[in-house]
Protein chains: 2
Amino acid sequence: MKHTTIKDVAKRLNVSISSVSRAFNDKYDIKKETKELILKTAEEMGYHPNPIAQKLSQKKTFNIGIVVPEFVNEYYSEIIIGIQEVFISNGYQVLIMQSDEDAVQELANVKTLIHNMVDGLIIAPTVESNNMSFYLKQYQNGYPIVFMGRVEESLPASKVLFDNKKWSFFATEHLLRQQYTKIYHLSGYKNLSVSNDRIQGFLKAMDKHRIPKANYKVIEGGLQAKDGIAIIEDLIYNNDLPDAFFCFNDLVAFGVIKRLKSQGFRVPEDIAVMGFTETQMAELNTPQLSSVKQPTFEMGKKTADLLLQLIDKGPDQPETIILNGELNIRESSVNEKFADSSLLFQNK
Amino acid sequence: MKHTTIKDVAKRLNVSISSVSRAFNDKYDIKKETKELILKTAEEMGYHPNPIAQKLSQKKTFNIGIVVPEFVNEYYSEIIIGIQEVFISNGYQVLIMQSDEDAVQELANVKTLIHNMVDGLIIAPTVESNNMSFYLKQYQNGYPIVFMGRVEESLPASKVLFDNKKWSFFATEHLLRQQYTKIYHLSGYKNLSVSNDRIQGFLKAMDKHRIPKANYKVIEGGLQAKDGIAIIEDLIYNNDLPDAFFCFNDLVAFGVIKRLKSQGFRVPEDIAVMGFTETQMAELNTPQLSSVKQPTFEMGKKTADLLLQLIDKGPDQPETIILNGELNIRESSVNEKFADSSLLFQNK
DNA sequence: TACAATATCGGAAACGTTTCCGAAAATTTA
DNA sequence: TAAATTTTCGGAAACGTTTCCGATATTGTA
């Protein structure tokens with residue numbers, strides 16, 4: 001319970017406190033033999049420098065903070081794992097907090113972390129985050145912050161994004177090439193930049209392929225399976241079903257598929273479905289779900305690299321990293337009338 | 001960037017440092033008006049006590065650590081959310097580390113957290129954890145530690161467990177009452193106490209219903225969908241398929257269902273499947289998966305309560321909390337020959 | 001051998017708090 | 001009004017480090 005301190009080691013060897021300190025951070029002058037002796041006895045005595053005292057003295061905590069909306073879904077969990085890998089191997093501890101998709105909680109989390117003097121912050125803002133001005137102020141004051149995911153590309157700060165527009169375009173185009181001509185996009189909340197990007201990609205594909213406006217639609221909804229179910233029920237009620245659904249994420253897609261099946265529709269024979277942000281359930285589902293895989297692990301690592309650089313070298317020109325994904329076509333979006341159609345579209 | 005300190009506030013008001021400190025921790029003598037004045041100007045100056053300095057002075061960090069095997073699956077994520085809720089509302093920060101199912105990494109994590117002087121630890125040991133003696137030593141030295149999940153009931157320390165044996169028994173009995181008579185249990189690694197408990201529950205049900213030994217089997221395997229798939233392939237190869245599978249978890253069950261379906265079997269008409277540790281995908285799957293729901297959120301809260309008590313009141317008699325679950329019967333385990341069979345078994 | 005240059009080390013301040021101790025001020029009591 | 005009590009506060013040590021500064025010991029140079 002009582003930790004042995006630097007003083008204990010110094011006393012034991014009749015050397016000064018500073019010498020022991022020097023032995024541990026070998027950037028100061030110390031004789032090789034003394035250093036080794038000190039390290040050896042310190043080891044024997046079970047001495048470890050007290051991180052709290054080090055932090056106070058060094059004005060550096062070797063802690064960084066992550067604030068994510070949630071980590072029940074695989075998406076953020078995997079990103080966090082990527083972040084941790086980088087920081088832990090650089091001697092940092094990673095504090096994780098979740099805002100539960102609540103902007104108030106998110107701001108509180110960020111403040112808590114700042115008061116705890118984390119050396120840097122990674123923020124994945126929540127849906128309706130109007131806290132950006134506070135974060136930006138901190139950033140402009142020199143506080144190392146890197147943003148992730150749900151932020152505008154125009155944000156004047158370093159950030160790691162997924163190219164939602166491009167991959168939404170690819171996903172939509174895939175559906176079109178499968179000869180599905182009436183396609184509805186179940187979008188996320190429209191105040192999410194991610195949603196808008198995906199809508200734009202969707203519309204761009206429609207535009208390119210000259211699909212008449214009557215044949216496509218963007219429907220705003222939530223991020224859960226139940227939201228997908230609710231929309232399908234609406235559409236069934238209004239007798240307004242398309243050939244294919246392009247969903248905001250896999251969970252919504254699973255909801256859609258479930259509800260369609262319970263209504264007697266076959267997927268993809270009657271109606272095709274695509275997801276986004278691939279989950280491990282995609283290939284376990286019946287039918288296997290086509291989806292866009294995001295490079296979560298890599299996103300985490302890139303974000304961490306950016307922050308580490310910001311911490312070590314100080315503020316610099318904001319850098320924006322935009323990552324690409326992978327289009328994984330599975331059963332749920334393959335039109336049987338085109339035998340080798342799965343080959344029509346190659347990942348890029 | 002430069003934080004305002006207690007000195008700045010003291011200087012501004014021409015009071016002593018101790019008075020400012022007293023104003024913030026109102027356990028010492030201070031006149032009401034001075035206190036209010038100090039708090040007001042501190043607020044204006046944007047002063048916040050530096051947690052690092054507080055920790056050094058108080059010998060308390062107000063941090064607790066959690067070490068889990070992983071948090072990609074919902075199980076630990078949800079438990080962590082429960083833990084966080086309790087601790088954050090008590091003014092603690094929660095440091096989360098994951099061992100990635102690796103005992104070496106797990107030990108390193110625990111040591112890191114201890115060196116960082118967390119006030120307490122929650123450990124969910126990994127599969128092949130032979131670190132228990134180290135943890136127990138710390139615990140016996142008075143370090144507040146609470147264990148969770150994968151530990152033996154006999155462990156002489158406070159812990160929160162799920163009653164695996166009982167709910168495995170219930171799940172198995174449900175299958176038996178559905179008139180499935182040849183049932184295989186796909187178990188997790190046998191060196192996991194959790195696996196053994198579930199095996200025992202399974203065997204107990206077999207025993208109670210006097211099922212001949214030839215009609216049931218326990219097959220050891222992994223925790224992933226692919227492990228379920230591999231086992232099914234083996235069984236198909238050996239032409240050794242039962243009426244029903246009782247799987248270690250939902251993921252394995254999803255793998256099993258997928259492989260059975262791809263072989264042309266119908267679930268549950270030909271073969272029934274049960275999962276365990278319910279996931280949100282259970283009711284989205286086709287067929288909907290029967291499973292045992294674990295009270296993850298509550299487990300987190302109970303564990304946190306136990307640790308908080310240990311921190312506040314010091315060592316005491318070890319307490320073991322064993323929680324109950326819920327049997328959620330869905331399509332995958334209902335024998336159609338018994339119309340109202342889903343009512344045969346009620347949760348308890 | 002004497003001096004300069006360098007390598008090594010101890011002392012002490014600093015980081016920002018809490019908290020003990022005692023002194024001054026305010027209040028109560030006689 | 002003086003003494004006794006209680007409130008309120010300032011000073012300073014302590015928490016365990018890092019790091020600057022200067023002192024001493026060692027080595028090299030002429």
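Numbered from 1 within each chain, the chains take letters A, B, ... in sequence-line order.
- For the pair B:Asn116 CG and D:dT17 P, the computed distance is 13 Å after rounding to whole Å.
- In this model, a donor atom of one side chain and an acceptor atom of the other lie less than 3.5 Å apart for B:Ser19 and B:Ser16.
- If you take CG of B:Asn25 and P of C:dT19, they are 7 Å apart, rounded to a whole angstrom.
- Defined by atom type and a distance below 3.5 Å, a donor-acceptor pair is present between the side-chain atoms of A:Gln105 and A:Asn109.
- Look at B:Ser18 and you won't find any side-chain N or O under 4.0 angstrom from OP1 or OP2 of D:dG11.
- Residue A:Ser21 is in base contact, counting any heavy-atom pair closer than 4.0 Å across all strands shown.
- Rounding to whole angstrom units, CD of residue B:Glu33 and C1' of D:dC9 are separated by 14 Å.
- A side-chain donor from one of A:Thr277 and A:Gln294 sits under 3.5 Å from a side-chain acceptor of the other.
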Could you list the protein-to-nucleotides 13-16 of chain C atom pairs, N/O on both sides, closer than 3.5 Å?
{"from": "C:dG16", "atom 1": "OP1", "to": "A:Lys59", "atom 2": "NZ", "distance (Å)": "3.0"}

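- In this structure, B:Ile30 atom CD1 and C:dC20 atom C1' are separated by 16 Å, rounded to whole Å.
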Restricting to nitrogen or oxygen on both sides, can you table the protein-nucleotides 24-27 of chain D pairs closer than 3.5 Å?
none

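- Side-chain atoms of B:Asp29 lie closest to D:dC9 of the nucleotides D:dT18, D:dC9, C:dC9.
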- Task: Could you go through the ring pair (Phe, Tyr, Trp, His ring centres under 6.0 Å) check for A:Phe62 and A:Tyr92 one step at a time?
- Result: CA-CA 5 Å; A:Phe62 280 100; A:Tyr92 285 77; 5.0 Å; yes

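- Each of B:Leu39, B:Val20, B:Val15 was scored for a side chain to side chain contact (heavy atoms under 4.5 Å, CB included) with B:Val9, with one residue passing: B:Val20.
- In this structure, of C:dT17, C:dG10, D:dT17, it is C:dT17 that holds the atom nearest to the side chain of B:Ile17.
- Remark: A:Lys302 fails to qualify as a cation-pi partner of A:Phe297 under the 6.0 Å distance and 45° angle criteria applied to the six-membered ring.
- B:Phe71 has its ring centre no less than 6.0 Å from the ring centre of A:Tyr76.
- For B:Glu153, the CD atom counts as loosely surrounded, since its 6.0 Å shell holds 12 or fewer non-hydrogen atoms of other residues, nucleotides or ligands.
- Residue B:Ser19 has a polar side-chain atom (N or O) positioned under 4.0 Å from OP1 or OP2 of D:dG10.
- Note: NZ (B:Lys31) to P (D:dT6) measures 19 Å, nearest angstrom.
- A pairwise comparison of heavy atoms in A:Thr126 and A:Pro69 identifies CA-CG, 4.2 Å as the closest pair.
- If you measure from atom CZ of B:Arg22 to atom P of C:dC20, you get 11 Å, rounded to the nearest angstrom.
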